[in-house]
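Chain letters run A, B, ... following the sequence lines, proteins first, then strands; residues in each count from 1.
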Amino acid sequence: MRDVSRYQPQSIEITWQQAWQNAGLHETPELSGGEKGFYALSMFPYPSGNLHMGHVRNYVITDVVARVQRMRGMRVLHPMGWDAFGLPAENAAIERGVDPAQWTDRNIAAMRDQLKRLGLSIDWDREVTTCHSDYYHWTQWLFLQFLDAGLAYQKEASVNWDPVDQTVLANEQVDADGRSWRSGALVEKRKLRQWFLRITDYADRLLDDLADLKGWPERVRTMQANWIGRSRGAELHFQVVDAQGAPTGDQITVFTTRPDTVFGVSYLVLAPEHPLVTRLTSDEQRQVVEAFRHLVGLQSDQERTAEGKPKRGHSLGAWVRNPANGERIPVWIADYVLADYGTGAVMGVPAHDQRDFLFSRQYELPIRRVIVPSGSDDHAYEGGAWTGSGVLINSGRFDGLDCVEARTAITAAAEADGWGRERLQYRLRDWLISRQRYWGCPIPVVHCKSCGVVPVPADQLPVTLPEHPDLSGKGVSPLAQIRGWVEVDCPRCGGSAQRETDTMDTFICSSWYFLRYSDPTNKTLPFTRESADSWLPVDQYVGGIEHAILHLLYARFFTKVMLDRGLVGFSEPFARLLTQGMVQGLTYRNSSSGRYIAPSDVSDPSDPRDPVTGESLETFFEKMSKSKYNGVDPASVIDRYGADTARMFILFKAPPEKDLEWDDADVEGQFRFLQRIWRMVHAAVDRGLRLHAAQDAGDPSTWTAAERELRRAVHTAIGSISEDLEGDYQFNTAISELMILSHAMAQHLECSRPALACEALRTLLVLLAPFAPHLAEELWLSLEARTEADDLRASSVHRQAWPVVDPSALIRDTVSVVIQVRGKVRGSLEVPADADSATIEKLALASTIAEKWLEGQPPRRVIVVPGKLVNLVP
RNA sequence: GGGGGCAUGGCGGAAUCGGUAGACGCAGCGGACUUAAAAUCCGCAGGCCGCAAGGCUGUGGGGGUUCAAGUCCCCCUGCCCCCACCA
């Protein structure tokens, strides 16, 4: 026998979770041919071993979306998996000697258990784990597709090098000071031959298709557009000349967005890595230039690009001719010019670029203005570059042109005369996917002395990771040290060859996992085109804003490549995206020492003080993190209040895309609300109400005012909650509507006839079900909407259809109309609901409010908004 | 420096197309129940003036459009996020 005297979520929740699992309630339904299912997806987690509140928020949001869609009759795919390769497992191996595979699997098991306590309607039969060979088999297969398409290639690139441990470091293993996490050595740059994916080939499509992603937040689209960074400009060729002005045959090409300033160029600057530097440097300058290049080469990226860092450069002792005006100008190198953007060379226009201005000041290079602000004849300089618009001067036949027109005109002239052309330039670089790490997906190629790079044939996939590695954290690459794994016969010629020892960036694994869920056990393909096209694009994707750029861009890139390879029939993977805000915890900090204080060490929260020094603490909300002692463990909340309360709180406290401040008092409030519902339903049960019995509500004209009020509340709630769950998801207002409904029921339920009371109870539970699934199911059973023997798959509250509004329930006899005088509210008036404008106007003018405020004068004007207000303008 | 966003009571947040600002909740206050407390239930509550009726005022600041502005337009201030020696 159940104890029904008190709401005890702990026992209810585990019971129902098991019952649902036994009944297979969350299995993904089959789709009939050509049908598109609804795909609700959360960004899958890295299995750190600990579920945190950010996860809870993410998965609860997606779960409500999935549940509502099911109740609306959609066939829903709602899966979960693990982004399981990555550095923490490898670090654990290096530091504590544990096996990365075991460490990861243990964490997954622990997190899966924690997740299941939330009562999510996930189909666990479709779970994917990126570090298992039945998954990364297909990551490798897809890599070979990229290779085959010419979209994967190798080139030299610099890596973070730890000179003590003699190992490559990931960016995360380099601290803010540029030191190694383990050895503490200053990290250097070192060139290695590495794999890249040619994402820049897709830059235009990735940018242009953003316009179609109407279901994405504007700011994510903007961030992606900025990241791709398409800029329109020109490349201009400058002929290298000798001291006498005669061409040497070399030329330097620069990229500029301001071809209109070409007459103002007073020097050119090359990146230190530019291939022409050595050849152009004069003998007198050689020593100092080489020293400078060496110095720059030692600097880390952080050092080189630090803000406010003075620009350093050197003259090469070489000249070029400005093709626009024939002037001879010097060539420099400088650390601020990047080798891998544009052409690795820029033209210096000090008068119209602030950076060039500072550089020219520092090295006493000439400044010539070629643009004056429109309508100004002030030709003087005020210590900075003029980067705004204006009219050209000192520019030969282009004088007097507006600078925007001049961009086109000068580019056209350059093209006609052979010294330049229009060009689009992207900030986006090709994607470096090589990682010199063990715990990642092996790149499935073999290096053969006679055949070169040979892809591992598809029938020999997967290339599995060697088990139980002995990871020291030293050496170029962990896999390279495992001889027996590296040495292999060439698949093409049979000669001796070596496996590629780099593994892939984990972002590769997460760039296609959403496709694998559609066909998770396929043994011959990553997925079939049919399964992919029937579930994707993902109808609602939910995850953190921190993935706004990289993950989402890479997943879009993969999808477009797969479209081009005929693997899928759509060009965008995620139709709608919700970026949930972060969960913040109450944080105490001693502002003088900067130390964070755990809440358990604060004795009086109303006057928080440092337990050691007694100083007053500052308090604020900040993203939960271990080091700030402001985290709240989901397990402890579930232990205390149950998953339903945690779900309700997290959805109610803030709109999903905003940050959420964790507040124990508000959690209590949600628990109280669920308790109220529990008590109200059980009071109804005690009065003998049962949902299964057929009941007749009788003739509506015989209903009492309370009964009509109850029915109106029920259907108002259906309408507003349905609306809140369409378009933008407004779970917070949906829950507040549930509260309003429960208040109305508390008032009217008892004095209403059973048929109407039952309709209200039934509706309340069905509307509550997506938010608090366990409580709704439990009360559904208590009201005998189903019997314990019924098949849950048909009779569960979660299998009920979403209710529909009966418009007749919303009709009122009279409505309250506001009376305004000159736009200010002065009172209100009950009028018949069907009164027309003329009637309302008449009633308003006859009211005491009009009498008081119009002082006998007839109004000049009367505006009537039927059913809403009357505005009298005297 | 470039781009994007936000600003509403003590707090989190509501407010569709411009139409009663502050729904719902937290904290607070008052009442009922209780020997008492907790729990529960009912009620009050933007600010100022007023015994009250009521009035004035109010959505970061300033201006504008309108019968009517939290909402639309212009200017300013503050905060948050992303990118950033990107030519």
Side-chain angles (χ1 to χ4, degrees), chain A residues 217-227 229 231 233 235 254-258 261 268-269 271 304-311 334-338 340-349 352-356 358-359 387 425-429 545-546 548-549 579 581 621 648-649 652-655 657-670 672-673 675-676 679 720 723-724 727 730 732-740 742-743 746-747 816-828 852 859-874:
Chain A
E218 183 63 39
R219 72 169 173 145
V220 175
R221 291 195 282 169
T222 311
M223 280 162 68
Q224 291 219 349
N226 290 343
W227 184 263
S231 58
E235 59 179 29
V254 303
F255 172 75
T256 178
T257 54
R258 296 293 305 274
T261 64
L268 248 49
V269 195
R304 197 169 155 182
T305 62
E307 191 182 0
K309 182 180 163 295
K311 297 158 193 13
D335 54 1
Y336 74 86
V337 179
L338 307 175
D340 58 353
Y341 182 76
T343 60
V346 301
M347 58 187 212
V349 187
H352 304 292
D353 181 283
Q354 187 60 23
R355 196 184 36 197
D356 294 347
L358 293 174
F359 191 76
T387 55
Q425 179 62 43
Y426 302 86
R427 211 194 67 98
L428 183 69
R429 313 293 157 88
I545 187 72
E546 66 272 20
I549 298 176
T579 50
F621 281 92
M648 293 286 286
F649 163 77
F652 177 71
K653 176 76 181 176
E657 65 283 352
K658 286 193 71 166
D659 289 346
L660 179 154
E661 296 174 355
W662 190 273
D663 181 342
D664 291 335
D666 283 322
V667 179
E668 282 279 350
Q670 282 307 316
R672 283 202 291 266
F673 173 58
Q675 274 182 309
R676 268 200 296 277
R679 279 194 299 267
S720 358
E723 200 176 306
D724 286 343
Q730 299 181 48
N732 54 335
T733 51
I735 290 173
S736 74
E737 295 293 340
L738 281 173
M739 292 170 170
I740 293 169
S742 82
H743 285 146
Q747 238 183 314
S816 170
V817 163
V818 166
I819 299 182
Q820 295 182 335
V821 178
R822 207 186 280 106
K824 284 193 189 295
V825 177
R826 296 301 178 190
S828 64
K852 174 174 177 192
R860 271 193 303 125
R861 209 176 148 187
V862 179
I863 291 112
V864 180
V865 182
K868 279 248 163 88
L869 61 78
V870 185
N871 191 2
L872 309 174
V873 187

Using whole Å, report how far [atom1] of [X] lies from [atom2] of [N].
X      : N      : atom1 : atom2 : value
A/F652 : B/rA23 : CZ    : P     : 11 Å
A/N226 : B/rG5  : CG    : P     : 11 Å
A/M347 : B/rC86 : CE    : P     : 15 Å
A/R355 : B/rA87 : CZ    : C1'   : 5 Å
A/L872 : B/rG19 : CG    : P     : 19 Å
A/E657 : B/rG4  : CD    : C1'   : 15 Å
A/R826 : B/rG55 : CZ    : P     : 6 Å
A/D356 : B/rC86 : CG    : P     : 10 Å

**Message:** Both A/T343 and A/I549 contact RNA chain B. Which one's nearest nucleotide lies toward the 5' end?
**Reply:**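 Nearest nucleotide further toward 5': that of A/I549.
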**Request:** Name the residue closer to the 5' end of RNA chain B, choosing between A/I545 and A/A654 according to the nucleotide with the nearest heavy atom.
**Result:**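 Mapping each residue to its closest nucleotide by heavy atoms, the 5'-most match is A/A654.
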Can you tell me the pairing partner of [N] across any strand shown, Watson-Crick or G-U wobble, with both distances under 3.5 angstrom?
N      : result
B/rA7  : B/rU77
B/rC17 : none
B/rG46 : B/rU57

[N] versus [M] - spacing of their [atom1] atoms, nearest Å:
N      : M      : atom1 : answer
B/rU71 : B/rA15 : C1'   : 9 Å
B/rC33 : B/rG43 : C1'   : 15 Å
B/rU8  : B/rG3  : P     : 25 Å
B/rC72 : B/rU59 : P     : 15 Å
B/rC49 : B/rG10 : C1'   : 22 Å
B/rU57 : B/rG70 : C1'   : 16 Å
B/rC24 : B/rG31 : P     : 23 Å
B/rG25 : B/rU77 : C1'   : 32 Å

Sugar-phosphate, base or nothing in reach of [X], heavy atoms under 4.0 Å:
X      : value
A/R860 : nothing
A/G669 : sugar-phosphate
A/V873 : sugar-phosphate
A/S231 : sugar-phosphate
A/I863 : base
A/K311 : base

Of the listed nucleotides ([options]), which one gets closest to any side-chain atom of [X]?
X      : options                : answer
A/Q730 : B/rC85, B/rA15, B/rA87 : B/rA15
A/S736 : B/rC24, B/rU20, B/rC67 : B/rC24
A/D666 : B/rG3, B/rC86, B/rG25  : B/rG25
A/E661 : B/rG12, B/rA15, B/rG19 : B/rG12
A/Q675 : B/rG19, B/rA23, B/rU40 : B/rU40
A/T733 : B/rA87, B/rA14, B/rC26 : B/rA14
A/K868 : B/rG25, B/rG19, B/rU20 : B/rG19
A/R672 : B/rG25, B/rU40, B/rC86 : B/rU40
A/R427 : B/rU16, B/rC86, B/rA14 : B/rC86
A/M739 : B/rA87, B/rC24, B/rG19 : B/rC24

**Item:** Passing candidate, side chain to side chain contact (heavy atoms under 4.5 Å, CB included) with A/P655, options A/T733, A/N732, A/L660
**Value:**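 Passing option: A/N732.
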Would you say [X] reaches [N]'s phosphate, i.e. side-chain N/O to OP1/OP2 under 4.0 Å?
X      : N      : result
A/K658 : B/rG13 : yes
A/R861 : B/rC67 : yes
A/H743 : B/rC42 : no
A/R679 : B/rC41 : yes

**B/rG25, syn or anti by chi within 90 degrees of zero** =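 Here B/rG25 takes the anti form, which means its glycosidic angle is more than 90° from 0.
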**Prompt:** Where does B/rC51 land, syn or anti, given syn is within 90° of 0?
**Reply:**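 You should classify B/rC51 as anti.
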**Request:** Output, in order, the C-alpha distance, side-chain angles, deciding distance and verdict of side-chain contact (heavy atoms from CB on, under 4.5 Å) for A/M347 and A/L268.
**Result:** CA-CA 5 Å; A/M347 58 187 212; A/L268 248 49; 3.8 Å; yes
**Prompt:** How far apart are the C-alpha atoms of A/D353 and A/R258, what are their side-chain angles, what is the distance that settles it, and do they pass the salt bridge (charged side-chain N to carboxylate O under 4.0 Å, His left out) test?
**Reply:** CA-CA 10 Å; A/D353 181 283; A/R258 296 293 305 274; over 6 Å; no
**Request:** Determine, using ring centers only, whether A/Y336 and A/F359 are less than 6.0 Å apart.
**Result:**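 When the ring centroids of A/F359 and A/Y336 are compared, they turn out to be within the sub-6.0 Å range.
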**Item:** Closest non-hydrogen atom pair between A/M648 and A/I735, with its separation
**Value:**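 Taking every non-hydrogen atom into account, O-CD1, 3.7 Å.
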**Message:** Quick check: any donor-acceptor pair below 3.5 Å linking the side-chain of A/N871 to the base of B/rC67?
**Reply:**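 For A/N871, whose side chain was compared with the base of B/rC67, there is a donor-acceptor pair (under 3.5 Å).
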**Request:** Confirm from the modelled atom types if A/R676 and B/rC41 form a donor-acceptor pair under 3.5 Å, side chain to base only.
**Result:**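 No.
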**Message:** Treating A/R429 as the side-chain partner and A/R427 as the backbone partner, does any N or O pair qualify as donor plus acceptor under 3.5 Å?
**Reply:**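 Yes: the side chain of A/R429 pairs with the backbone of A/R427.
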**Request:** Please answer whether the main-chain N or O of A/A548 pairs with a side-chain N or O of A/Q224 as donor and acceptor at a distance below 3.5 Å.
**Result:**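 Looks like yes, one N/O pair under 3.5 Å.
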**Prompt:** So, do A/W662 and A/K653 sit near enough that their side-chain heavy atoms are less than 4.5 Å apart?
**Reply:**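 Of all side-chain heavy-atom pairs linking A/K653 with A/W662, none is under 4.5 Å.
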**Asked** Could you state the interatomic distance from CZ (A/R672) to CG (A/D666), rounded to the nearest 0.5 Å?
**Response**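 Reported to 0.5 Å precision, the distance equals 9.5 Å.
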